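Everything on this sheet refers to the single structure shown next.
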Protein chains: 2
Amino acid sequence: MLHSSDLLKKNGLSITESRKQILELFLLSDGALSHSDIEKKTSAAFDRVTVYRTLQTFVEKGIIHQIPTTDNSILYGLCKDSCEAGHHHDEHVHFLCNSCNKTICLDDVTVPHVKLPNGFKPLQSAMVVKGFCDDCKVS
Amino acid sequence: MLHSSDLLKKNGLSITESRKQILELFLLSDGALSHSDIEKKTSAAFDRVTVYRTLQTFVEKGIIHQIPTTDNSILYGLCKDSCEAGHHHDEHVHFLCNSCNKTICLDDVTVPHVKLPNGFKPLQSAMVVKGFCDDCKVS
DNA sequence: TAAAACATGCAACAATATTGCAAATATAAA
DNA sequence: TTTATATTTGCAATATTGTTGCATGTTTTA
């Protein structure tokens, strides 16, 4: 079992209470988390600003990645081992369940390549699929 | 040339100055627009609230659609003719240019289907590709 | 043209995000 | 282990973004 302190150390970050707890949330969560999710789950133990800065740091270090949304929120998901600082490899599909409202990283489903019009040079792709997840499906 | 008033009439909306001007912005723009883009481009001629409600109305009527972003903004793009109220057909790829920062609807590039793990039922998909656009490409 | 329906702007408020700085904590060095 | 340095945190202040109710103004319908 990967422990939060190890992951912090591995990324050259000093080990603090807020970083440990917030990272632990991601390790234990089965879905992506937003800023407000984290505030709730930590019972606002940390200042809003600390949470903002922690998330930003984690993104920069390649510990978590941002997931596109159509509302004005930012979702964060845990990165796989292959991610590094400044060099994310999060080209997997994200699934948003219409029922339980969770957003899940489908780490094994890679975003397919698409043929773009002439002149367009793709660098990264992101994909979000909405529907019903494994747990909520009508069987 | 499609005129804003026609489009409003076609969708059963009363024709007002703010709706005309905001819709005109979309018709003339070559990229997607955010709330703040619209405020700037109209020189804040309309109240913030009016802009919010206008965008909401346009989305409901299928005139514009929301585009996923990884920041805390909402982007809106003009819908194709095939969109109707409550029934969008905007499963095209969106392209975000790292250089000029525009987001462009690639209406002719449809989002490919992906094979999901067992139990996941997809309903809609969205895709955003980042890179360099036609105008900004290093040739 | 008048009445009804609808849209707008204002005010008040709520939620979300950013910055500088002093205090507190973690790490590195002695 | 203790001290010095570097880093992180929390607070305060402020900015930005989003929402609601209601009176006023505008558009549409008859």
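Letters A, B, ... are given to chains in the order of the sequence lines, protein chains preceding strands, and every chain is numbered from 1. Owing to the predicted nature of the structure, the values given are computational and were not obtained by experimental measurement.
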Q. Hey, does Thr57(B) reach any base, or is it just sugar-phosphate, or nothing, if we go heavy atoms under 4.0 Å?
A. nothing

Q | Closest nucleotide among dT8(C), dT28(D), dT20(D) to the Ser14(B) side chain | A | dT28(D)

Q) Roughly how many Å is it from OH in Tyr52(B) to C1' in dA7(C), rounded to a whole number? A) 18 Å

Q: Test for a donor-acceptor pair under 3.5 Å between the base of dG10(D) and the side chain of Arg53(A), counting only N and O atoms.
A: yes

Q. Using a cut-off of less than 4.0 Å, is there contact between a side-chain N or O of Asn72(A) and OP1 or OP2 of dT16(C)?
A. no

Q. Between Asp37(B) (CG) and dT17(D) (P), how many Å, whole number?
A. 10 Å

**Q.** Separation of Cys79(A) SG from Ile63(A) CD1 (nearest 0.5 Å)
**A.** 8.5 Å

Q) Is the backbone N or O of Val128(B) less than 3.5 Å from a side-chain atom of His94(B), with the two atoms forming a donor-acceptor pair by type? A) no

Q. Just checking Arg19(B): base, sugar-phosphate only, or nothing, at a heavy-atom cut-off of under 4.0 Å?
A. sugar-phosphate

Q: Taking Asn11(B) for its side chain and Leu13(B) for its backbone only, find out whether a donor-acceptor pair lies under 3.5 Å.
A: no

Q | Proximal nucleotide (of dT27(D), dT19(D), dT8(D)) relative to the Thr16(B) side chain | A | dT27(D)

Q.
Using whole Å, what does the distance between atom P of nucleotide dG25(D) and atom CZ of Phe46(B) come to?
A. 18 Å

Q) Nearest of dG18(D), dT28(D), dT8(D) to any side-chain atom of Ile15(B)? A) dT28(D)

Q) In whole angstrom, what separates His35(A)'s NE2 from dA14(C)'s P? A) 18 Å

Q. Please give, in whole Å, the distance from dC6(C) P to Lys20(B) NZ?
A. 20 Å

(Q) Membership question, hydrophobic clusters at under 4.5 Å side-chain separation (ILVMFWY): are Leu25(A) and Leu7(A) in the same one? (A) yes

Q. With the 4.5 Å side-chain cut-off for hydrophobic clustering, are Phe132(B) and Val109(B) part of the same group?
A. no

(Q) Measure CZ/Arg48(A) against P/dT16(D) and give the value in whole Å, please. (A) 17 Å

Q. In whole Å, what is the span from the NZ atom of Lys9(B) to the P atom of dC6(C)?
A. 18 Å

Q) Within this structure, what is the CG-to-P distance between Asp47(A) and dA23(C), rounded to whole angstrom? A) 17 Å

